[in-house]
Asker: 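Sharing a structure here in structure tokens format.
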Amino acid sequence: MPVIHKWDNDEKTIYTFIMRGEWDWTQYQTALRDGYEAIKTVDHTVDIIYAYISKLPEGDAVQYMMMAGETQPDNCYRSVMVNPGRDILQMIVSAIDGMREWDGPKFVDTLDEARQHLKAEALKDAQSSDEAI
């Protein structure tokens, strides 16, 4: 299965999409739709990791990257993109973020880095909440 999507932790606070090997945009759309439906089932915020381990398939990547951002459920919070080598994907996403005036995702090289980043951000959020009290 070239596009895997699943909860990344037992608390269901991180959802991961992993694209590896040969995959196409139809498989990507199906995985996003199914994953976003799973995210909607929880009543708290969810961070998302998009791991592009292999090269992008043929086709209009901009269209599918825009769709990924525009169709995210309301309870999605932070996004991290795993993209070893920072290929054209980072340029595409940066252009889309600029057009839509979105805060873009964090780019990292590995799934472990993505998880570490989200953990650090959650700690910052917790500290900010404690300081506000």
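Sequence positions, counted from 1, serve as the residue numbers for this chain.
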Asker: Nearest 0.5 Å please: distance from the SG atom of Cys76 over to the OH atom of Tyr15.
Answerer: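 Rounded to the nearest 0.5 Å, the SG-OH separation comes to 11.0 Å.
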Asker: Are any non-hydrogen side-chain atoms of His5 and Thr16 less than 4.5 angstrom apart?
Answerer: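 Side chain of His5 against side chain of Thr16, heavy atoms only: no contact under 4.5 Å found.
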Asker: Sequence neighbours left out, what passes side-chain hydrogen bond (donor to acceptor under 3.5 Å, both in side chains) with Gln29? Give chain and number order.
Answerer: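 Partners of Gln29 by the side-chain hydrogen bond (donor to acceptor under 3.5 Å, both in side chains) criterion come out as none, since no residue qualifies.
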Asker: Determine the minimum heavy-atom distance between Val3 and Ala31, stating which atoms define it.
Answerer: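 Minimum heavy-atom separation between Val3 and Ala31: CG1-CB, 3.2 Å.
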Asker: Tell me, yes or no, whether the heavy-atom count around Asp74 atom CG, taken from other residues, nucleotides or ligands under 6.0 Å, exceeds 12.
Answerer: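 Count not over threshold, so no.
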Asker: Any chance the side chains of Asp34 and Thr30 put a donor and an acceptor closer than 3.5 Å?
Answerer: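 Per modelled atom types, Asp34 and Thr30 side chains form no pair under 3.5 Å.
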Asker: Report yes or no: do Tyr77 and Asp125 form a side-chain donor-acceptor pair below 3.5 Å?
Answerer: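 Present: a donor and an acceptor within the cut-off.
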Asker: Check whether any side-chain heavy atom of Ile49 sits under 4.5 Å from a side-chain heavy atom of Arg115, and report yes or no.
Answerer: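 Counting from C-beta outward, Ile49 and Arg115 do come under 4.5 Å.
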Asker: Can you check whether Met19 reaches Pro2 side chain to side chain, under 4.5 Å on heavy atoms?
Answerer: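 No - every pair of side-chain heavy atoms lies 4.5 Å or more apart.
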Asker: So, does Asp47 use its side chain to make a donor-acceptor pair with the main chain of Ile14 at under 3.5 Å?
Answerer: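 Checked: no pair found.
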Asker: If the condition is side-chain hydrogen bond (donor to acceptor under 3.5 Å, both in side chains), which residues does Tyr64 pass it with, not counting sequence neighbours?
Answerer: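 In terms of side-chain hydrogen bond (donor to acceptor under 3.5 Å, both in side chains), with neighbours along the sequence ignored, Tyr64 is linked to no residue.
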Asker: How long is the span from the CD1 atom in Ile48 to the OG atom in Ser79, to the nearest 0.5 Å?
Answerer: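 Here the interatomic distance stands at 5.0 Å.
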Asker: So, do Val82 and Asp109 sit near enough that their side-chain heavy atoms are less than 4.5 Å apart?
Answerer: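 SC-SC contact between Val82 and Asp109 ruled out.
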Asker: Looking at Thr110 and Glu113, what are the two nearest heavy atoms and their distance?
Answerer: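 Minimum heavy-atom contact is OG1-N, 3.0 Å.
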Asker: What side-chain donor-acceptor pairs closer than 3.5 Å can you find for residues 39-46, not counting sequence neighbours?
Answerer:
| unit_1 | atom_1 | unit_2 | atom_2 | d |
| --- | --- | --- | --- | --- |
| Lys40 | NZ | Glu37 | OE2 | 3.1 |
| Thr41 | OG1 | Ala38 | O | 2.5 |
| His44 | NE2 | Lys12 | O | 3.4 |

Asker: Please check: side-chain N/O of Asp24 versus main-chain N/O of Tyr28, any donor-acceptor pairing under 3.5 Å?
Answerer: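 No, the answer is negative, given that no donor and acceptor are paired below the 3.5 Å cut-off.
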Asker: Is there a side-chain contact between Ile18 and Leu111 (heavy atoms, below 4.5 Å)?
Answerer: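 Side chain of Ile18 against side chain of Leu111, heavy atoms only: contact under 4.5 Å found.
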Asker: Checking Arg78 against Glu121 for the side chain to side chain contact (heavy atoms under 4.5 Å, CB included) test, could you report, in this order, the C-alpha distance in whole Å, the side-chain angles of both residues, the deciding distance, and whether it holds?
Answerer: CA-CA 9 Å; Arg78 289 178 281 258; Glu121 291 298 307; 3.6 Å; yes
Asker: Would you please classify the geometry between the Tyr50 ring and the Tyr52 ring as parallel, tilted or perpendicular, with 30° and 60° separating the classes?
Answerer: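 If you compare the ring of Tyr52 with that of Tyr50, the planes turn out parallel.
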Asker: Of all heavy-atom pairs between Gly21 and Ser54, which one has the smallest distance, and what is that distance?
Answerer: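 Between these two residues, the closest heavy atoms are O-OG, 2.9 Å.
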Asker: Is the shortest side-chain heavy-atom distance between Met67 and Trp25 below 4.5 Å?
Answerer: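 No, side chains not in contact.
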Asker: Under 6.0 Å from the CD atom of Glu22, do we count more than 12 heavy atoms belonging to anything else shown?
Answerer: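 Check fails, neighbour count at 12 or below.
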Asker: Once rounded to the nearest 0.5 Å, what's the spacing between atom CD1 of Ile4 and atom CZ of Phe17?
Answerer: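 Between atom CD1 of Ile4 and atom CZ of Phe17 there are 12.5 Å.
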Asker: Measure the shortest side-chain to side-chain distance between Leu56 and Trp23 over non-hydrogen atoms and say whether it is less than 4.5 angstrom.
Answerer: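 Side-chain contact under 4.5 Å: yes.
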